[in-house]
Protein chains: 2
Amino acid sequence: MGILIRNALVVTQNDRREVLKGFDVLIEGNRIAKVARGMREKAEHVIDASGKAVMPGLANTHCHLAMTLLRGYADDMHLQEWLEKKIWPREAKLKASDVRAGSMLGCLEMIRGGTTSFADMYFLMDETAAAVEKSGLRANLSDGMIDLENADKRKKELAAGEKFVREWNGKAKGRIMASFGPHAIYTCSRELLEKTKELARKHDVKVQLHLSETRKEVADCMNKHGKRPVDYLESFGFLSERLLASHCVWLRREECVLLGKHGVSASHNPASNMKLAGGGAMPIPELEQANVNVCLGTDGAASNNSLSMFEAMKLCALLHKNARWDATLAPAQQVLDFATRNGARALGFNGGAVEEGKLADLILMDLRAPNLVPLHNIVSNLVYAASAGNVTDVIVDGKILMQERKVVVFDEEKAVAAGGKAAFDLVSR
Amino acid sequence: MGILIRNALVVTQNDRREVLKGFDVLIEGNRIAKVARGMREKAEHVIDASGKAVMPGLANTHCHLAMTLLRGYADDMHLQEWLEKKIWPREAKLKASDVRAGSMLGCLEMIRGGTTSFADMYFLMDETAAAVEKSGLRANLSDGMIDLENADKRKKELAAGEKFVREWNGKAKGRIMASFGPHAIYTCSRELLEKTKELARKHDVKVQLHLSETRKEVADCMNKHGKRPVDYLESFGFLSERLLASHCVWLRREECVLLGKHGVSASHNPASNMKLAGGGAMPIPELEQANVNVCLGTDGAASNNSLSMFEAMKLCALLHKNARWDATLAPAQQVLDFATRNGARALGFNGGAVEEGKLADLILMDLRAPNLVPLHNIVSNLVYAASAGNVTDVIVDGKILMQERKVVVFDEEKAVAAGGKAAFDLVSR
């Protein structure tokens, strides 16, 4: 039983960052059982990986999957105008069936691009969870909560958030983790955040939050609370290893230190930050120095407009070199760590590396694709030269989701057609 | 005879930027003969483009194609160290056969990524020209010239440059244009540049030059000539419509005005500039205001490390929004213009649009690829969501080079194997 991948170039992403040439990988159940040369074990599925690399699947640590329906609906606009005139009016008309269709479309794009796990925060999250269950992907999902200082709304949002966690955490044989999703400090009251903290501890789950994405958020926080956002969150004990904070662009060095001290994970979203033109760039050197777990995300397709983590890796490497005028920043190995090991840790599962005992979330890359030749340095090629189209096979939780570019767990054409139709209906409604 | 493309979404990139739904495109010889609905003409090849877009092939206006051999050989290093310790020592060992193999590999990557024409400057350019001839692509090629103020070297370089122009300009049934390639103002004497100007006029060809790529170049020019680079070039009449200047990052507003006044084309290379961390960003708003013909390039694969023009488009759109904290800058339509219409003009051929009379350099895009669904806005999708893997068919000069992802004019596997082997030999030599 299981899967045996033969004769691969294995980019382990283990603690020693070994790259193993001509190795086999054995998968039993949903785990990696062995990584070795010339194995004699038998398996139900044998994959010949000659001319291919095996690497951990990529972890997209910040997304709003159903927003795939709004890809290309509005671009090149100032943030506030984009939100108020374009995005929010459409989101107000979202139906459950739209979220399902948009989520399936997004899952398909992720699979084809080598993303095996992701974090999501949105409305009608039951539908996204159902799509994840069907797609075979792994995800940490949160029902977005916003109370705008309204006590009634707070009660409802917390109840819905907790209901989602009760119903979905651990589902799909453990592929679905649930978390709490307070949207941001400017949409959630301190009371909501404090209650969230308690509930997350009670259920032993993560918390997803947008943090310090724009200068406006920081200025408003200073005005309202007399503190910068990270200091404000620390003041009532909100920072912890449970927290997956997205964006984290406008941080002072002291805030980076606090995030590191409390074991927070910081999800960097270079495409979205650049496209929405919030300015600046996540302070990666300072976050790294503070031992913050930096990981990568795409954000929703409305503000990217792609869910490709290969693209996110390259953008990350380029953005920081450009921002600090220093070509040595965000080197390829560090960026690959963000997208694999660190991402798995941020989402809360034992993966992100090809080694014995880890969850079997792996992808195969076509090393004979012209854009990946020559092979002077596989890590460099993965970060700077690879793209979604180079992914040939995807395995999640020990199950093959895509084989030689063909998705085998659900009907691709149907998902594409349904996504396109839902999107058209949504903007015509 | 000819090719009839049926029932496509045609992104014309004509003067009115029309997007035509359900149109046919007729190609006769190497030209687009007609764009209309429901044509009754017959053709040798009929392509059903239902579910596909037809658009002008992308023009990569700055490359060093043979450097594809050094993709991933050295990254994340300071520019001078990277050049002196890694790139130059390897280039010193380049053989003609390496340049041929690297160029074929690069041509293959370009075709697969929807690039139909490109500009190149490098050594041993006869080999790149032979690769272009074989590949079916269109290119404007220049033999790189460097004299370092040495009169003997100058004479040899100019002779070689002119020989290349005589031998190759107009070859491959006109697909190959030749130009002069003085490397940069810091590697070429004023005498060489002045002679180049005369020769370019004599042969009626273009001139390719690196310009204002780094602050060092500007500072050195000020020290040596008492002028900034563009002012220096203008002082002896070097600026003209013949000039394709690459990078153009460190320009003052007055220099942008001069470039516009003289009709210079400015090739923007966002990935390379960001990766080498020269700092800043090409001043696109000022160049546009000065009516400079801005176009896009990848630069060589050693400093990118991809030849994807889809990636270059997205990087361009994101970089400038981030640089000026303004989400309205470098909107999708403008960036698509850079990569199509403006690129064709910079290279000097009558293409870059799908309309009657233009050269038939076209690509087809798979609109059913999940990452291109939904289709709210095709231009947005092409710039922000598409990638090389979405290109299904490539036609150059009226000839099909790739059909349903299969290159039909030369052996892909051989080109990949030869490129990989040449690269390995080069770094082992």
Side-chain angles (χ1 to χ4, degrees), chain A residues 69-73 75-79 82 105 108-109 112-113 271 273-279 281 301 304-308 311 314-315 317-319 321-322 324-328 331-332 368 370-371 373-377 380-381 384-385 387-389 412-413 415-416 419-420 423-424 427, chain B residues 69-73 75-79 82 105 108-109 112-113 271 273-279 281 301 304-308 311 314-315 317-319 321-322 324-328 331-332 368 370-371 373-377 380-381 384-385 387-389 412-413 415-416 419-420 423-424 427:
Chain A
L69 297 181
L70 294 172
R71 185 201 322 270
Y73 176 60
D75 309 283
D76 308 322
M77 294 171 72
H78 293 299
L79 176 63
W82 178 74
L105 179 62
L108 177 56
E109 183 181 355
R112 296 193 74 81
N273 295 158
M274 294 174 84
K275 183 156 185 276
L276 297 175
N304 182 312
N305 303 348
S306 158
L307 302 178
S308 168
E311 186 181 280
K314 184 161 184 177
L315 278 170
L318 297 186
L319 170 61
K321 289 167 172 63
N322 179 250
R324 304 271 178 118
W325 303 19
D326 183 346
T328 69
R368 288 170 187 155
N371 62 310
V373 175
L375 188 64
H376 294 307
N377 181 332
S380 164
N381 275 10
Y384 290 116
S387 68
E412 289 186 73
E413 283 181 27
V416 165
F424 180 78
V427 303
Chain B
L69 298 181
L70 294 172
R71 184 200 325 269
Y73 177 60
D75 308 283
D76 308 321
M77 294 172 71
H78 293 298
L79 176 63
W82 178 73
L105 179 62
L108 177 56
E109 183 181 357
R112 295 193 75 82
N273 295 158
M274 294 174 85
K275 184 157 185 276
L276 297 175
N304 183 313
N305 303 350
S306 158
L307 301 178
S308 168
E311 187 183 278
K314 184 161 185 176
L315 277 171
L318 297 186
L319 170 62
K321 289 167 172 63
N322 179 251
R324 304 273 178 116
W325 302 20
D326 183 346
T328 70
R368 289 170 186 155
N371 63 308
V373 176
L375 188 65
H376 294 306
N377 182 332
S380 165
N381 276 8
Y384 290 117
S387 68
E412 290 187 70
E413 283 181 30
V416 165
F424 179 78
V427 302

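By convention in this document, chain letters (A, B, ...) are assigned in the order of the sequence lines, proteins followed by strands, and residues within each chain are numbered from 1.
With a 4.5 angstrom heavy-atom cutoff, A:D75 touches chain B only via side-chain atoms. With a threshold of 4.5 angstrom between heavy atoms, B:A301 does not approach chain A through any atom at all. For A:L375, no part lies near chain B; criterion is any non-hydrogen pair under 4.5 Å. Residue A:L318 touches chain B through both its backbone and its side chain, counting heavy-atom pairs closer than 4.5 Å. In this structure, no portion of A:A317 lies under 4.5 Å from any heavy atom of chain B. Contact annotation for A:V427: only side-chain heavy atoms (C-beta onward) come within less than 4.5 Å of a heavy atom of chain B. The contact between A:R112 and chain B is made entirely by side chain atoms (from C-beta outward), counting heavy-atom distances below 4.5 Å. For A:D326, the parts sitting under 4.5 Å from any heavy atom of chain B are the backbone and the side chain alike. For B:A385, the parts lying under 4.5 angstrom from a heavy atom of chain A are both the backbone and the side chain. Proximity to chain A (any heavy atom under 4.5 Å) is shown, for B:L319, by both the backbone and the side chain. For A:A271, the parts sitting under 4.5 Å from any heavy atom of chain B are the backbone and the side chain alike.
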request  = Apply side-chain hydrogen bond (donor to acceptor under 3.5 Å, both in side chains) to the pair B:N305 and A:K314, showing each step before the final yes or no.
outcome  = CA-CA 10 Å; B:N305 303 350; A:K314 184 161 184 177; over 6 Å; no
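Taking every heavy atom of both residues into account, A:H78 and B:T328 meet most closely at NE2-CG2, 3.5 Å. Here the shortest heavy-atom pairing between B:M274 and A:K321 reads O-CB, 3.3 Å.
Other residues, nucleotides and ligands contribute over 12 non-hydrogen atoms within 6.0 Å of the CZ atom of A:R324.
In this structure, the side chains of A:P374 and B:L105 come closer than 4.5 Å at one or more pairs of heavy atoms. Between A:E311 and B:S387, the closest side-chain pair of non-hydrogen atoms is not below 4.5 Å. Side-chain contact between A:P370 and B:L307: absent, with no pair of heavy atoms (C-beta onward) separated by less than 4.5 Å.
When the candidates B:A277, B:G389, B:A332 are compared by the number of heavy-atom contacts under 4.5 Å with chain A, B:A277 comes out ahead. For the set A:L315, A:L79, A:N304, the entry with the most heavy-atom pairs within less than 4.5 Å of chain B is A:N304. Between chain B and the options A:S308, A:G279, A:A281, heavy-atom pairs under 4.5 Å are most frequent for A:G279. Counting heavy-atom pairs closer than 4.5 Å to chain A, the top-ranked of the candidates B:L69, B:N377, B:V373 is B:V373.
Rounded to the nearest 0.5 Å, atoms CG (A:N381) and CZ (B:R71) are 6.5 Å apart.
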